[in-house]
Amino acid sequence: MKIIYHCFGGTHSSVTAAAYHLGMLPPECGLQDEDLLAIPFFDTRDSFDHGNITLMGKDGKGNDIYFVGQRGYPQILENITYGLAREFNIPPLQYKLVNVMHKVNLSMRLGGFMSRRFKWIYPGRPLVTRGTMRAFTNIINLVRRVKAGERR
Amino acid sequence: MKRIIFFNDTGFPYAALAAAIRSGALPAHRPPKPNELEQVLALTGLGRGDASVYNLGQSERDESCLALWSRGNGDMVGRIIKSFLAIMHIDNYELVHIKCRNNLLATVGVFIAGIPGLRNVGLPLVHRHVVNIYRELNQK
């Protein structure tokens, strides 16, 4: 199965969720700033990457884990993927879309906007990193639910 | 079977019209009559475009003609289509970006057609606009 995590910019929450899914991040209690900053693609993608479904890796069960940014229009991403899957006869069990945007807090929004839109890396990146650490519990709970769904 | 995916990002269903021309649901050699246009728009609607995928039928060359449109974000829509089909290892498709622009006639026509009871007033304006840009659509 292909699991696609998506959020606004496809560079903070979805990347964090994909990284946790792949075991690239320590459990909740041991998470440091450096762990987040070491994730590939974290706080690096720009608006011309939005919509580009990118492979992060393969998990232990052989699922391909992807992430993508949808500019706050999850329905566009969902309508296109479900519609194309219907027309190209792709079975629904071959892919899953997971919206991580609901887990984003104000620090992540503000920091992400500063860092990615205005390129104010200094105040933006520490702010979005702190916000991601604060939202980490919610993000990993979502990933655990996705993984539990896979087991069923 | 090859699929042709028409898309545009102006909020008006140009992609659906282009797909209908390719599939033969709308005539290629002359502008459509109001009732012919209405039949196609009855399938797709005149909405602002939520990127839903519509199948407008098959062309003479046995190509399936698909259409979707959004309001803005055309670059992202194109990348979603290409990357989703790429990860599914599908390459027997052609992506056609329709670049027709809206004008006042289309905007007013769609607005009026959306008001309950005034559909029959708005659709002739939409039809007028479609007739004006039909040659451009037909070349896609």
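All values reported here derive from a predicted model rather than from experimental measurement. Hydrogens, waters and symmetry mates are skipped; everything else that's a heavy atom, side chains included, is used. Protein chains get the first letters and strands the later ones, always in sequence-line order, with residue 1 at the start of each.
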Would you say [X] and [Y] are hydrophobically clustered, going by side-chain heavy atoms of ILVMFWY under 4.5 Å?
{"X": "A:Phe8", "Y": "A:Ile139", "answer": "no"}
{"X": "A:Leu37", "Y": "A:Met24", "answer": "yes"}
{"X": "A:Val15", "Y": "A:Leu22", "answer": "yes"}
{"X": "A:Met1", "Y": "A:Val98", "answer": "yes"}
{"X": "A:Phe118", "Y": "A:Leu127", "answer": "yes"}

Quick one: of A:Gln75, A:Gln94, A:Gln70, A:Arg71, who has the most non-hydrogen atom pairs under 4.5 Å with chain B?
A:Arg71
Using a cut-off of under 4.5 Å on heavy-atom pairs, state which of A:Ile4, A:Leu77, A:Thr54 scores highest against chain B.
A:Leu77
Part of [range] lying next to chain A, heavy-atom separation under 4.5 Å:
{"range": "residues 61-79 of chain B", "answer": "B:Leu66, B:Leu68, B:Ser70, B:Asn73, B:Asp75, B:Met76, B:Val77, B:Arg79"}
{"range": "residues 80-92 of chain B", "answer": "B:Ile80, B:Ile81, B:Ser83, B:Phe84, B:Leu85, B:Ile87, B:Met88, B:His89, B:Ile90, B:Asn92"}
{"range": "residues 117-129 of chain B", "answer": "none"}

Donor-acceptor contacts, no H, no angles, side chain residues 34-42 of chain B, under 3.5 Å, sequence neighbours left out:
residue: B:Glu36; atom: OE1; partner: B:Arg30; partner atom: NH1; Å: 3.0
residue: B:Glu36; atom: OE1; partner: B:Lys33; partner atom: N; Å: 2.7
residue: B:Glu36; atom: OE2; partner: B:Arg30; partner atom: NH2; Å: 2.9

By a 4.5 Å heavy-atom criterion (distance strictly below it), what part of [X] contacts chain B: side chain, backbone, both, or neither?
{"X": "A:Ile76", "value": "both"}
{"X": "A:Tyr82", "value": "neither"}
{"X": "A:Ser47", "value": "backbone"}
{"X": "A:Asp64", "value": "neither"}

With a 4.5 angstrom heavy-atom cut-off, is it the side chain or the backbone of B:Phe7 that approaches chain A, or both, or neither?
neither
So does B:Glu60 have more than 12 non-hydrogen atoms from other groups sitting under 6.0 Å from CD?
no
Other residues, nucleotides, ligands: >12 heavy atoms within 6.0 Å of A:Tyr73 OH
no
Would you name the heavy atoms of B:Ala51 and A:Asn79 that are closest together and state the gap between them?
O-CB, 3.5 Å
